Amino acid sequence: MPIPNTTEDPVAHPAALLREMVRIRCVEEELADFYRDEQEMRTPVHFSVGQEAAAVGVCAALRENDLVYTGHRSHAAYLAKGGDLTGMVAELYGKETGCSNGRGGSVHLTDRSVGFAGSAAILGEMISVATGAAWALAQQGSSQVVVTFFGDGASEEGVFHESLNFAAVHRVPVIYVCENNAYSISSPLSARQPANSPGTGITERARAYGITAERLDGNDVALVHEATRRATAHCRAGLGPYVLELDTYRWREHVGPGFDTGIDRPEPEVEQWLERCPVRRGTAALQASAPDAQEPTAQEPTAEELVARWDAEFRDEARRAVAAAKAAPYPTADRLTDGAYGRPAVAN
Amino acid sequence: MPIPNTTEDPVAHPAALLREMVRIRCVEEELADFYRDEQEMRTPVHFSVGQEAAAVGVCAALRENDLVYTGHRSHAAYLAKGGDLTGMVAELYGKETGCSNGRGGSVHLTDRSVGFAGSAAILGEMISVATGAAWALAQQGSSQVVVTFFGDGASEEGVFHESLNFAAVHRVPVIYVCENNAYSISSPLSARQPANSPGTGITERARAYGITAERLDGNDVALVHEATRRATAHCRAGLGPYVLELDTYRWREHVGPGFDTGIDRPEPEVEQWLERCPVRRGTAALQASAPDAQEPTAQEPTAEELVARWDAEFRDEARRAVAAAKAAPYPTADRLTDGAYGRPAVAN
Amino acid sequence: MSRTLTYWQAIAEGTVQAMEADPSILVAGQNVDDHKGSYGTTRPAFERFGARRVVDTPNSENAVAGICIGAADQGLRPLVVHTRADFMFLAMDAMINLASKWRYMYGDKGGVPVVMRGVVGRGWGQGATHSQSLHATFGHFPGLYVAAPASPADAKGLLAAALQADTPVVLMENRSLYPIEGEVPEELTPVPFGVGRLARHGTDVTVVAASLMVHEAERAADLLARQGVSVEVVDVRSIRPLDEDLICESVARTGRVVVADTSWARYGFSAEVAAVIAERIPGELRAPVRRITPPDCPAPVSWPLEEAFHPSAAKIAEACLDLVGSDGITVPVLTGVDAGFSGPY
Amino acid sequence: MSRTLTYWQAIAEGTVQAMEADPSILVAGQNVDDHKGSYGTTRPAFERFGARRVVDTPNSENAVAGICIGAADQGLRPLVVHTRADFMFLAMDAMINLASKWRYMYGDKGGVPVVMRGVVGRGWGQGATHSQSLHATFGHFPGLYVAAPASPADAKGLLAAALQADTPVVLMENRSLYPIEGEVPEELTPVPFGVGRLARHGTDVTVVAASLMVHEAERAADLLARQGVSVEVVDVRSIRPLDEDLICESVARTGRVVVADTSWARYGFSAEVAAVIAERIPGELRAPVRRITPPDCPAPVSWPLEEAFHPSAAKIAEACLDLVGSDGITVPVLTGVDAGFSGPY
Ligand SMILES: Cc1ncc(C[n+]2csc(CCOP(=O)(O)OP(=O)(O)O)c2C)c(N)n1
Ligand SMILES: Cc1ncc(C[n+]2csc(CCOP(=O)(O)OP(=O)(O)O)c2C)c(N)n1
Ligand SMILES: [Mg+2]
Ligand SMILES: [Mg+2]
C-alpha cells in the first residue's frame, strides 16, 4: 500500500513552468527533425508542439506519486511528469534501453518511477484505466490522484461517458484533462460534435453527471496550473472527479514531423493560434512578473534571455539523448516473445 | 423511396389511449400466467406491466410508417405500434407463424408492416440502429420519424452517448424514449448513476449535446402523448433529435412472470407505484373528461365499465392468440440454417 | 478433503476463499450483489464481504473492463462477471487491445491480472445473442489465459489459478453446467492453466472437448461402451495455453478423433485441435478428424431448432461410430445434460 | 479491358464505380473526406460525390457501426472504413450481435448489408494495437462474409461483390499491399465470395494463404523454383465462405501444405485450413501440415523484433523445404514485400 503523501500541493513558479515548456518544445522540435531526416525512429509519433501548457500546467500541480495516463499524444505529459528523456528517445528508436524496452514505441511510453503510468494508442482506453487506477488507490487509502490526458476526439468515444458516470457514482479521485485542439486528425470539431451553444459541449456533458468541470484557455500555463490545483484539492478532499477542458492547438500535422497548414487546416486559423503560443505567453508573463519588469538590469537576464539560454541547453540535452539512443543496443530476436505472459499461475 | 405522408399527426382520444393500455395490460397478464403455468413459451420474457403509458402515449402520436426500435422490453411497444398479436404470441411459443418465424423470441420481435422495425436483446444497440435508420430515411427525403425505446440502464452504455452526439451533429429525426423505471434488473439507479441534483441526469446529458429533452411523468398517458407530438413536430420540422425521459415503474420481476416485491425492491416503493397505475389514472382521466362526468346516465357507460368490458374482450383475444400459437407448427429442423445468409452476392 | 458441490457452488466457494486469502481481490459486475448474485456464484462473496468488495456496476461493459484493468494496474485483482459472455464483445477492446498486451507493450514491467468470467447461455430460447461461446475468440490472442472448466473442481481450481495469475484471464462457463455436481477439494487448490485432463480412458476413439461438451462426450462414451466401443475423453480445461501433448498422446493411441465444441467450427476451438493433430501427428490418424459443433447459423429460439442446433451426446456418439466404422449400431436419442431444467433462466 | 492499378487505386475506383451504379451506397468513417482519404481509397469518392455520400464520422466506432446497420435496414448501403482493423473491436458487438444475426433472428425477412473495411498495419513500429489481422476473429461467426483480397483486381472485385451482397461483409486489407500493382478490370466485376484462386501452379508443396501472405508465398515460390522445388500457391481470397474444395484439391495433388498467415496460429486462419485438410483429406498428406504465422506475442515495435515477428517469404520457403525434405538448400534472406516503403505511415 502506498504511503499517503501529506505535503502540500506545489505552487510552481512562473519560471519553472516556462522552463519546462521550453524543454518540451525543444525536445520535440529536435526529435521531429531527426525523425524526418533520418527515418530511424520507426514508430508513428504525435508531437505536442504548441500544446505544452496543458501538460506542464497540469503536471506541475501534481505530486510525484500522483499518476498520469495518456492517449497517443504522450510525450509532453511524459516529460512534464518527470519521465526520463533518454528512456523516451531510446523507445522511439526501438532500443532495449527504451522506457518500454522498445516494445511499445511512441504511443506506449511508461516511467513508473515518476508516476507516468502509461500511454495507449486506442482512443479513450486510458480514460477508463485512469478511472480504475484512481478507484483502486482510493480504496487502498491512498491520497494519490490520477490524471488522464486525452483529446476532443477521444471524448466522442462511449467509454468517456461510461467512465465519467462511474467516477461520479463512486467519487473517484480522477482528473480528466481534455486537450481540446479542435481537431481529430483532419476532422474539425464542427464535423464531429454539435455546434457549441450555451449549456453544451464537453464540459457541460461532464456537469450533467454532477462532475465539477472547467473550461479554460489551455495555452495559459498559469491558468491551467491554478485550475489543476483546484482539481487536486477537490479530489484529495474526497469530492470525486474533476474535468478540465483546455482549449489549445497543435502546430504540427497529426502524426509525424510535418505541417498541415493549408492542407487540413486553414492558414489564418493556424496563424492565429501561433500568436497564442504558450511559450511566448509564458515568457511575457514571466517578464511582467519580474519585480523590475519595467527596467531590466544588466545583472538579471530578461525572460527572453532565459528562454534562449534554456533553448540551447535543452536542444543539447535532446541531441545527447538521440546520440545515446543510437548507441544503445536493439532487443535481440531471441527474446521476441518474452514478456507476453507473467510468471505461471501455479508452479507445477 | 417511401412516399412522404402529409397527414397531420394524430391526436388520440383519451378513450383510445386508455383502451390500448388496457389491451396491453390484459395481454401481458394473460401471457404471464400461461408462461408461468405451462412453461411452453421457452424464451425469456420481459413484461411491461405497469409501464403501458409510455408505449401507448408515444405510439399513438406516430404515423403508421414511422418506425419503432426497442430493447429487450418490447411487447408493449410492439402492440402499441399495431403489431400483430397472434404473430407475437406465436413467436413466444417458438412457432413458424411467429412474427420472427420462431427464430428470435420475445427479445427479437418485428412487424415491419406496421412500422415496428425490431427489438434486440443487447442493451443500447437499437439506440444506434434507430439513429441510423432515421438518418437514412431523412437522406432519402422521407418525413418519417424513428423512435427508440430503452431503459435507464441502457443509458449507461457508451453507445447511447455516441448516438446522441451523432444525431445532434446530423440533425437526425429520431426520438429517444428512455423509460426510466429506476432499475436495471435488481440494481437501483442510485447504484449506477450519480444522485440527481439540479442540472444532472439523463435528460441533462442529452441537453449537453444541444438536444431538446423533456423529463416527465411516464405513467400519465396524456402527458406522454402530448410530449411525443411535440417531439414528432420537432423532428419533422428538421430540427433534429428529441429526448423523452419517462419516469415509470415495472410491476413484475425483471424477466419472467413473477414479482420481486420485498426481494429486489422494497414493498413501500412498489406500493407507492401501484397507486400510480397508468390504467387507473387513465380511467380517472377519461371519467373526468366525460361531458356528464358528475352524473353518469344509464345510457353512457362509465370509464370503469368501459375498462371492464375491454378487459374481458382483450383477455379473450389473448387466449385466442395463445390457442392459435399452440396449434401452429414448429419450424422443422431441416430448415435450421435457412436465413443465415441472404442471396449470394453474385450469381455464378 | 473434498465433498460434493455443484458447479456454481464451487465457483462461489472459490471466490470467497480467494477473497479471504487475498484482500486485493474484488468482484465487479452487473447485479453481482443481488439475491440471485450471478446465479449464486457471487452472492456468498457479497454476504461475506459486502458492497465494498462485491461491486454492482453500471451497464458499461467497456469502461468497467478498462476500470478493472486500471485497478489491476494499481494493485487490486478485479474479478469481472458477465451473466452472458455475449456482452463481452463490448469489453473486447479493453481485454484484447489493453489487457492482453499490457505487459509486453510496456517492456515486461508488470501485468494487469484482471479476471473476466462469462456465462454461456444454452437452451430455453436464449437465442442468438445470449448463447455464444467465445473461448476460441478470446483464445486467439496472445497475452491472455483462457479456460472453460467442465467440472465443479476445475471451475474452482481454474478460478483460483486465475486469481493468482500474473496474466489476465478469461473464464467461460456454460450455464448448463451450473447444477452439475462433483467432488470439490475444500481447500483453494489452483488448477494450472495449460494442463488438460483425461476425463475417461478408452482405446477406440478420442473425443477432445471443453466445458459442457466434456459431459456430452462422457455420456456418448457411456452409450457406446454398451455397444462395445471404447471412447477416450480429453478435457482440455484450458483453451490457452492448450495442452497439445495430452491431445496428441491420446489421438496417437486411438488413431481416431472427434472434437466436440459449442463454438462454431470455422476458426473455432475444434479447428485448432484438428490443426494441432495435423501439425504434429497426422500419420497417426486412422480416420479423418471429425468436428461436432453448432451449424453455420446463429442460435435459434424455437425449441426443435434449438435441439437441432446444439451439439449433443447423440451427435458425438454418431461421429464416433462413423469413425470406428460400426455401421449397424444406431444411437438412441439422448436428452441434453440440462434436460431436467425447468425455466426460465 | 484491364490496366495496371495499385491496390489502393483499385479500391478507390471500385468505390466510385459502385457508388455511381447504386445511389444508396455511402461511405462513412473517420477522416474519409480529407486529402489523404483513407490512404487514397476514399478520396476520389469524396471528390466525386461530396460530403453527403462520403461522411466523416465522430470517433464513435460502436455507434457508427450501429448507425450504419440502421441505415442498411432502411435502404442505404453503408461502407464503413477503419484505418486500422484494431479499432473494429469497438464495433464488434454491432457487427456480430446485430449485423451477422439480423436476417436469421427476425425470420429471414431481410438483412442489413453493411460493409466494413479494416486496414491491417504492418511494420514501421505500428505496434501491438495497430497491426492485428482480424479476419479469423470475424470469420468465426455465421451470417457474415469475410474476405482478405491479395491482388488489386480482387480488392476491387470483392468490394464490388460486398456492395451488392445481401449479407454484411468484413473486408481486411493489409496496408503493405496498398502500393502493389496489378491488372484490374475497368468494369465493376464482382468477385464472388467463397471462391479461391490458384495464384500459382506447382507440384511439390501447396502454400495456402490470404492477403499479403499470398505475395510472400509467391516470392517463396520464385525462390524455390530456382532450387528445383515447385510450389503451388492457393489464395483463398474469401475467409468466409471458405473455398474448401480448392484447398483440398491442391493439397491432394501435392501432398504437402504450408499455411501462411498474419493472424496468430491458435484459433486463427491457419488452424481452420489445417482442420479442413484433417477433416477431408488426411490420407493425402505426405508430411505434417505446417503453419507460418506470428509467434505467440503481441506485435513489437522495435525494428529487429518486428522483422522476426512477421511471417515472411523466407520462413515460408524454409517450411516448404522442410516438408519436401531438401536439407542441403538454404534460403537467402528476403526483405518484406513492403521493403521499399519509407515511412511513416
Ligand atoms: C478507437 C480509435 N479510433 C480511431 C483511432 C485513430 N486515431 C488516432 S489519434 C486520432 C485523433 C484523435 O483526436 P483527439 O482525441 O482530439 O486527439 P489529438 O490527436 O487531437 O490530440 C484518431 C482518430 C484510434 N487510435 N483509436
Ligand atoms: C450489453 C448488455 N449488458 C447487460 C445485459 C443484461 N441485461 C438485460 S436487461 C438489463 C437491465 C436493463 O435495464 P434498463 O435498461 O433500465 O431496462 P429495464 O429492464 O429496466 O426495462 C440488463 C442489465 C444486456 N442484455 N446487454
Ligand atoms: Mg484533438
Ligand atoms: Mg430500467
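Here the structure is a predicted model, which is why all the values come from computation and not from measurement. Quick note on labels: first sequence line is chain A, next is B, and so on, each numbered from 1.
The greatest number of non-hydrogen atom pairs below 4.5 Å with chain B, out of C/Pro295, C/Pro304, C/Ala63, is found for C/Pro304. Of the listed residues (B/Gly104, B/Ala120, B/Ala154), the one with the most heavy-atom contacts under 4.5 Å to chain C is B/Gly104. Per-residue heavy-atom pair counts under 4.5 Å with chain C were compared for B/Ala121, B/Pro331, B/Ala340, B/Ala333, and the maximum is reached by B/Pro331. The choice from B/Gln193, B/Arg192, B/Glu156 that makes the most heavy-atom pairs within less than 4.5 Å of chain C is B/Glu156. Options B/Gly98, B/Ser106, B/Gly105 differ in how many heavy-atom pairs under 4.5 Å they form with chain C, and the most are formed by B/Gly105. Residue with the most contacts toward chain C among B/Arg335, B/Arg103, B/His108: B/Arg103 (heavy-atom pairs, distance under 4.5 Å). When each of C/Leu90, C/Asn59, C/Val55 is checked for heavy-atom pairs under 4.5 Å with chain B, C/Asn59 comes out on top.
Atom CG in B/Leu92 sits 5.0 Å away from atom NE2 in B/His75 (nearest 0.5 Å). Note that the OG1 atom of B/Thr148 and the OH atom of B/Tyr69 stand 9.5 Å from one another [nearest 0.5 Å].
Between B/His72 and B/His254, the two ring planes are tilted [angle within 30° to 60°].
Contact of C/Glu61 with chain B is made through backbone and side chain together, with heavy-atom distances under 4.5 Å. For B/Thr332, the part lying near chain C is the backbone, with the side chain staying farther off; criterion is any non-hydrogen pair under 4.5 Å. Heavy-atom distances place both the backbone and the side chain of C/Asp56 under 4.5 Å from chain B. Heavy atoms of C/Thr57 lying under 4.5 Å from chain B belong exclusively to its backbone.
For C/Phe87 and C/His130, the distance between ring centers is under 6.0 angstrom. The aromatic ring centres of B/Phe150 and B/Phe160 sit less than 6.0 Å apart.
Screening B/Gln51, B/Glu269, B/Glu179 for a side chain to side chain contact (heavy atoms under 4.5 Å, CB included) with B/Tyr249, the sole residue that qualifies is B/Glu269.
Side-chain contact between B/Phe166 and B/Thr131 is present, with heavy atoms from C-beta onward closer than 4.5 Å.
The two atoms that bring B/Gly201 and B/Asn196 nearest to each other are CA-OD1, 3.3 Å, heavy atoms only.
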